[in-house]
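Everything below concerns the one structure shown next.
Since we're looking at a predicted model, the values are computed, not measured. As the structure lists them, so they are numbered: ligands from 1, and atoms in each ligand from 1.
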Amino acid sequence: KGGFNKVLQSIESIAVRYGAKFNYNSDVREIMVDDKGVATGIRLGNGDMVTSDIVICNADLVYAYNSLLPKTSYAKTLGNKELTSSSISFYWSMNTVVWQLQAHNVFLAKDYRESFDQIFKDLTMPEEPSFYVNVPSRIDPTAAPDGRDTIVVLIPTGHISDRVNVDLDLLVKRARNQVIETLEKRLKITDFRSMIDNEIVNDPRTWQNKFNL
Ligand SMILES: Cc1cc2nc3c(=O)[nH]c(=O)nc-3n(C[C@H](O)[C@H](O)[C@H](O)COP(=O)(O)OP(=O)(O)OC[C@H]3O[C@@H](n4cnc5c(N)ncnc54)[C@H](O)[C@@H]3O)c2cc1C
């Protein structure tokens, strides 16, 4: 019950019991390093400096080396490495239970092998996208009110790059239409759109801006 976030809450409460202090909504702008290359603390978005014996950084490696630590040639090398795919995600609260869906559902495109080239080489979303649908409320009653469902849709797509010019607003629109059309066709559902009460969308910009990925 409570989904993956419950794991985080449990780890937090154990850490607090052992004396840890969590500072949420504190943007780290810099990991301070002395002239011997030893990390000495962090500088926050509000300008505060926090000195410490040890700095453990859990942010994305490429971002941390390029944006938090002093510039090095290693940081540049990391920045040139091939990256994995990004994704467009829809988080839907449904006004009904969509019994045709299990807890985990994978919808593969006809030419799914070829479609990977469009994700990894062209850095965009395939013409016919494959996607994954998770229904947490199918196995966790706390995930939705009685008689309703929560649905997460994940559509793999290319990552943001200077190399290509992708209109992400248009891509999100196309992803939404194609996912709904596929669900309606393959699960024999009519007017799936009218079952969606609320929607949150994450796209490659969200991962970059909100999580520094
Ligand atoms: C769309 C998507 C779907 C995924 N699906 C799966 C899956 O099904 N199964 C699976 O095993 N893995 C999945 N992953 C991968 C999984 O999310 C990561 O491997 C995992 O979150 C990495 O955990 P982490 O704690 O190392 O880093 P993160 O979860 O990235 O945590 C790093 C934290 O640091 C914070 N942060 C970054 N920069 C700063 C800063 N400057 N100041 C302050 N805070 C900062 C971020 O906000 C974030 O909270 C998925 C990832 C994505 C993006």
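Of all heavy-atom pairs spanning Lys76 and Asn66, the tightest one is N-OD1, 4.3 Å.
In terms of hydrophobic clustering, with Ile, Leu, Val, Met, Phe, Trp and Tyr side chains grouped at heavy-atom distances under 4.5 Å, Ile196 and Ile88 are assigned to a common cluster.
Listed by chain and number, the residues in a side-chain hydrogen bond (donor to acceptor under 3.5 Å, both in side chains) with Asp122 amount to none (sequence neighbours excluded). Residues that satisfy the side chain to side chain contact (heavy atoms under 4.5 Å, CB included) test with Glu127, not counting sequence neighbours, are Gln118.
Taking a 4.5 Å side-chain heavy-atom cut-off between Ile, Leu, Val, Met, Phe, Trp and Tyr, the cluster of Trp207 extends to Tyr91, Val152, Ile200, Phe211, Leu213.
Ring geometry for Phe116 against Phe120 counts as tilted: the plane angle lies between 30° and 60°, on a 0 to 90° scale.
When heavy-atom distances to ligand 1 are checked against 4.0 Å, the residues falling inside are Ser26, Asp27, Val28, Asn58, Ala59, Tyr63, Ser87, Leu154, Trp207, Lys210, Phe211, Asn212, ordered by chain and number.
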